[in-house]
Amino acid sequence: MRAVVYDQFTAEPEVRDVADPVPSDAGVVVRVETTGLCRSDAHGWLGHDDGIALPHVPGHELVGRIHAVGPAVERFRVGDRVTVPFVCACGRCAQCLAGNGQVCPNQTQPGFTHWGSYAELVALHDADVNLIPVPESLDAGAAALLGCRFATAFRGLVHRAGLRSGERLLVVGCGGVGLSAAMIGVALGAEVIGVDIDASALARATSIGVTHTIDSSGLDEDAVLTRIAEAAPAGVQVSVEALGRESTMRLSLLALAPMGRQVQIGLFSSEPTLPLPRIISQELSLHGSHGMPASDYSELLDLVASGALRPQDLIEHRIGLDEAPAALVALASGDRSTGVTVIDVA
């Protein structure tokens, strides 16, 4: 098969022919239709994930058709169109049995613990636990994005922070996952405020229904907090930090009204310092979101099927596999292109 491979962290990836994967007993091999270009893939290429073994094929957001099935798989057949959470659960441990497969201690992650979906074929483990059927009518790019950024944002906002219609949601960082969170907030009936330093990202946020946008370029923390307070005089109930920077994490927390809930989605390259006095005095809640188990996807898929949530509207660029290496390097180098890029493999 053809795949994007890098042999060393930060070394130029290349498209090359490699051996086809084979399914594990309880796993499948999927022929990839479309896969997302995600900032987590860039973190991996930069060497921020110590679980990656070299050489490596990145990619963890995908949709495709089952190409081969292991002998222990019962629920799926060759030809089925499927997606998968980026965290694949074992289905047997205490966390999985409690419905928390996204924090399974035995988890596998395509594109991290093993070769991923920047390839014509990808192996996925424990298929009966992790695969999610995808309707034929669903856009391939939209289906791929459900595997990571939309699922992570949905779980964070709905299952962790309990965002309700009519509440105010602050999204700090209007990149791919930030815009996903904003779009979900709009679909759920929240009043959404978006903060970013990039005017084109803020324009994209406005186009998907964000009520207030704040250009924070050149502003200090106090000035941005003042702008947020002007947009939400009654306070912000839920915030999302989608960049993974200490300064924006502080902003996201400090903007919350008393009893407010923050969802932390952005990944940090180093350990941040928290404004704990504010968290304690205002009884703020800080929630992590590490994807969503396959068993919880029905609510998200129903929202997509209803037309209230249209992940495909965030797709700005569709590229081929040959263009993926340069796109990954550009993303890791700080490319701030608006919207989302997907790689059409098939």
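These numbers were taken from a predicted model, which means no experiment stands behind them.
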_Looking at every heavy atom in both Gly156 and Val263, which two are closest together, and how far apart are they?_
O-CG2, 3.3 Å

_Which residues pass the side-chain contact (heavy atoms from CB on, under 4.5 Å) test with Glu136, not counting sequence neighbours?_
Arg65, Arg81

*With a 4.5 Å limit on heavy-atom distance, are the side chains of Arg75 and Leu131 in contact?*
no

*Measure from the side-chain N and O atoms of Asp7 to the backbone N and O of Pro55, and report whether any donor-acceptor pair falls under 3.5 Å.*
no

*What about Leu286 and Val238, same hydrophobic cluster or not, with Ile/Leu/Val/Met/Phe/Trp/Tyr joined at side-chain heavy-atom distances under 4.5 Å?*
no

*Report the distance from atom CD of Gln95 to atom CG of Asn100, rounding to the nearest 0.5 Å.*
5.0 Å

_Nearest heavy atoms of Ala119 and Val57, plus distance in Å_ = CB-CG1, 4.2 Å

*How long is the gap from CG on Leu170 to CG on Leu251, to the nearest 0.5 Å?*
6.5 Å

*Taking all atoms of both residues into account, what is the closest heavy-atom pair of Cys90 and Cys96, and its distance?*
N-SG, 3.7 Å

*Look at the side chain of Asn130 and the backbone N and O of Ala89, then say whether any donor-acceptor pair between them is shorter than 3.5 Å.*
yes

*Can you list every salt bridge (Lys or Arg N to Asp or Glu O under 4.0 Å) pair that touches residues 262-275, not counting sequence neighbours?*
none

*Measure the CG-OG distance between Leu163 and Ser239 for me, rounded to the nearest 0.5 Å.*
11.0 Å

*In Å, rounded to the nearest 0.5 Å, how long is the span from CG of Leu37 to OG1 of Thr341?*
5.5 Å

*asked:* Please enumerate all residues that pass side-chain hydrogen bond (donor to acceptor under 3.5 Å, both in side chains) together with Gln262, with sequence neighbours excluded.
replied: Ser252, Gln264

*Does any N or O in the side chain of Asp220 come within less than 3.5 Å of the main-chain N or O of Ala223, such that one atom is a donor and the other an acceptor?*
yes

*Applying salt bridge (Lys or Arg N to Asp or Glu O under 4.0 Å), which residue pairs with at least one partner in residues 111-125 are found, sequence neighbours left out?*
none

_Main-chain N/O of Leu146 paired to Tyr297 side chain as donor or acceptor, under 3.5 Å_ = yes

*Sort and list the pairs that fulfil ring pair (Phe, Tyr, Trp, His ring centres under 6.0 Å) and have at least one residue in residues 69-105, not counting sequence neighbours.*
His60-Phe86, Phe86-His290

*Donor-acceptor pair, Gln282 side chain versus Ile279 backbone, under 3.5 Å?*
no

*ILVMFWY cluster, Val342 and Leu179 together (side-chain gap under 4.5 Å)*: yes

*In terms of hydrophobic clusters joined by side-chain contacts under 4.5 Å, are Leu253 and Leu243 together?*
no

*So, Glu241 versus Thr248: side-chain donor-acceptor pair below 3.5 Å or not?*
yes

_Any donor-acceptor N/O pair, Arg77 side chain to Glu74 backbone, under 3.5 Å_ = yes

*Using ring-ring contact (aromatic ring centres under 6.0 Å, His included) as the criterion, point out the one residue from Phe9, Tyr6, Phe112 that pairs with His56.*
Tyr6

*Where do Arg318 and Asp139 land on the salt bridge (Lys or Arg N to Asp or Glu O under 4.0 Å) test, with the steps shown first?*
CA-CA 12 Å; Arg318 291 181 181 265; Asp139 175 83; 2.9 Å; yes

_Between Asp196 and Arg204, does any side-chain N to carboxylate O distance fall below 4.0 Å?_
no

*Going from CD1 on Ile343 to NE2 on His317, what distance comes out if it is rounded to the nearest 0.5 angstrom?*
12.5 Å

*asked:* Can you confirm whether Glu12 is buried at CD, in the sense that more than 12 heavy atoms of other residues, nucleotides or ligands lie under 6.0 Å from that atom?
replied: yes

*Could you tell me whether the side chain of Leu97 reaches within less than 4.5 Å of the side chain of Arg92, counting heavy atoms only?*
no

*Shortest non-hydrogen contact from Ala72 to Asp128?*
O-OD2, 3.8 Å

*At what distance, to the nearest 0.5 angstrom, does CG of Leu169 lie from CG of Leu188?*
9.0 Å

*Are Pro13 and Val329 close enough that some pair of their side-chain heavy atoms sits under 4.5 Å apart?*
yes

_Taking Leu46's backbone N and O only, do any of them form a donor-acceptor pair with Thr10's side chain (distance below 3.5 Å, no angle check)?_
no

*asked:* Please verify the inter-ring angle class for His48 with His43; under 30° counts as parallel, over 60° as perpendicular, anything in between as tilted.
replied: tilted

*Would you confirm whether Thr83, through its side chain, and Leu62, through its main-chain N or O, come within 3.5 Å as a donor-acceptor pair?*
yes

*Check: Arg31 side chain, Gly64 main-chain N or O, donor-acceptor pair, under 3.5 Å*: no

*Going by heavy atoms in the side chains, are Val82 and Ile132 under 4.5 Å from each other?*
no

_Nearest heavy atoms of Leu309 and Met183, plus distance in Å_ = CD1-CG, 3.4 Å

*asked:* Pair Glu221, Leu254 - check side-chain contact (heavy atoms from CB on, under 4.5 Å), show working.
replied: CA-CA 9 Å; Glu221 183 179 274; Leu254 295 175; 3.3 Å; yes

*Provide the closest heavy-atom pair for Leu314 versus Gly176 in the form atom of the first, atom of the second, distance.*
CD1-O, 4.2 Å

*Considering residues at least two apart in sequence or located in another chain, which fulfil the ring pair (Phe, Tyr, Trp, His ring centres under 6.0 Å) criterion with His212?*
none

_Linked, directly or transitively: Val158 and Val103 (ILVMFWY side chains, under 4.5 Å)_ = no

Per-pair distances, 0.1 Å, donor-acceptor, side chain in residues 225-237, under 3.5 Å, sequence neighbours excluded:
unit_1: Thr226; atom_1: OG1; unit_2: Asp222; atom_2: O; d: 2.9
unit_1: Gln237; atom_1: OE1; unit_2: Arg168; atom_2: N; d: 2.9
unit_1: Gln237; atom_1: OE1; unit_2: Arg168; atom_2: NH2; d: 3.3

*Pairs in or reaching into residues 40-64: which pass salt bridge (Lys or Arg N to Asp or Glu O under 4.0 Å), with residues at least two apart or in two chains?*
Glu61-Arg149

*asked:* The criterion is side-chain contact (heavy atoms from CB on, under 4.5 Å); which residues satisfy it with Val22, sequence neighbours excluded?
replied: none

*Mind checking whether Leu301 and Val87 sit in one hydrophobic cluster, side chains of I, L, V, M, F, W, Y counted as touching below 4.5 Å?*
no

*asked:* With heavy-atom distances below 4.5 Å as the criterion, would you say the side chains of Ile66 and Val29 are in contact?
replied: no

*side-chain hydrogen bond (donor to acceptor under 3.5 Å, both in side chains) partners of Asp344, counting only residues at least two apart*: Thr34

*Sorted by first residue and then second, give each salt bridge (Lys or Arg N to Asp or Glu O under 4.0 Å) pair with at least one member in residues 295-311; sequence neighbours left out.*
Arg310-Asp313

*Does the side chain of Glu167 come within less than 4.5 Å of Arg261's, by heavy atoms?*
yes

*Would you check if Asp322 and Arg2 make a side-chain contact, meaning some heavy-atom pair closer than 4.5 Å?*
yes

*asked:* Tell me if a side-chain donor or acceptor on Ser117 pairs with a main-chain N or O of Gly59 at a distance below 3.5 Å.
replied: yes

*Can you list every ring pair (Phe, Tyr, Trp, His ring centres under 6.0 Å) pair that touches residues 117-157, not counting sequence neighbours?*
His114-His125, Phe154-His159

*Looking at side-chain heavy atoms only, is the closest gap between Met1 and Val18 below 4.5 Å?*
yes

